[in-house]
Asker: 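Structure provided below as structure tokens; questions to follow.
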Amino acid sequence: MKTFELKGTLRNEYGKKAAKTLRQQDLIPCNLYGNGENVTFTVTTGDVRKLIYTPDTLIVDLTVGEKNCKAIVKELQFHPVTEQIFHIDFLEVTEEKPVVVNIPIQLTGHAEGVKAGGKLSLEMRKLKVRGIYTNFPDRMTIDVTELGLGKKLSVGQLHFDNLELANAKNQVVVQVKATRASAQAAPAGKK
């Protein structure tokens, strides 16, 4: 999994008024949770732009004051109108304690149903995965070569080593939908 380096500055003032003042200075209030202690700090908007606006899930090498740790972005809050980043919560990760993250899906192969005239439809962009952060891949790769026309692949049918999927087992990940061309071709092929 890819890493992202981030440096933060400890903050001493709390509350709405202090947070508003920080945001006016182009700073984002942040919290780091995990391992028994919570750390409050700030980062600049420019520093986190490449962390937030990416389809990838990244491990953050976080440095706040004297503390160095690995973390993941647990929650983001945006302003409802301006979409300015309002607040970021980080969760410290270790090799002993499993965490839950969303990892993007990547499809491989050419589905049999698509060859028959169907349309491949990715119903989920990310899978919710539970495990140790060192086992997380950059993308959850799913082979769709055997997927026929009108068939679907659900979360319960998937298996990845050292990882547990936290989505509902019956949730559809990818399916091959019938098209008009495939429906017209099917009767013609039976004659």
Asker: For Glu5, does the CD atom have more than 12 heavy-atom neighbours from other residues, nucleotides or ligands under 6.0 Å away?
Answerer: no

Asker: Are Glu75 and Phe90 close enough that some pair of their side-chain heavy atoms sits under 4.5 Å apart?
Answerer: no

Asker: How about Ile85 and Ile52: do any of their side-chain heavy atoms sit closer than 4.5 Å?
Answerer: yes

Asker: Keeping the roles fixed (side chain from His87, backbone from Pro29), state whether a donor-acceptor pair exists under 3.5 Å.
Answerer: yes

Asker: Count the heavy atoms of every other residue, nucleotide or ligand shown that sit under 6.0 Å from NZ of Lys126, and state whether that count exceeds 12.
Answerer: yes

Asker: Counting N and O atoms only, with roles assigned by atom type, does the side chain of Thr145 sit under 3.5 Å from a partner on the main chain of Ala111, one being a donor and the other an acceptor?
Answerer: no

Asker: Under 30°, 30 to 60°, or over 60°: which ring-plane class applies to His79 and Phe86, parallel, tilted or perpendicular?
Answerer: perpendicular

Asker: Could you check whether atom CD of Glu83 has more than 12 heavy atoms from other residues, nucleotides or ligands sitting under 6.0 Å from it?
Answerer: no

Asker: Quick one: do the Thr108 and Gln106 side chains pair a donor with an acceptor below 3.5 Å?
Answerer: no

Asker: Scan Asp61, Asp56, Asp138 and name whichever one has a salt bridge (charged side-chain N to carboxylate O under 4.0 Å, His left out) with Lys2.
Answerer: Asp56

Asker: State whether a side-chain donor-acceptor pair under 3.5 Å links Thr21 with Gln24.
Answerer: no

Asker: Any side-chain heavy atom of Pro137 within less than 4.5 Å of one from Arg139?
Answerer: no

Asker: So, Lys67 and Glu92, do they make that salt bridge, N to O below 4.0 Å?
Answerer: yes

Asker: For the side chain of Arg130 and the backbone of Leu163, is there at least one donor-acceptor N/O pair under 3.5 Å apart?
Answerer: no

Asker: So, Ser154 and Asn170: side-chain donor and acceptor under 3.5 Å apart, yes or no?
Answerer: no

Asker: For residues Lys128 and Val100, determine if any side-chain heavy atom of one lies less than 4.5 Å from a side-chain heavy atom of the other.
Answerer: yes

Asker: Report the distance from atom CG of Leu27 to atom OG1 of Thr9, rounding to the nearest 0.5 Å.
Answerer: 7.5 Å

Asker: Around Gln84, counting heavy atoms of other residues, nucleotides and ligands shown, do more than 12 lie under 6.0 Å from its CD?
Answerer: yes

Asker: Taking atom types as modelled, find out whether Thr40 and Asn31 have a side-chain donor-acceptor pair closer than 3.5 angstrom.
Answerer: no

Asker: Within a radius of less than 6.0 Å around NZ of Lys115, do more than 12 heavy atoms belonging to other residues, nucleotides or ligands occur?
Answerer: yes

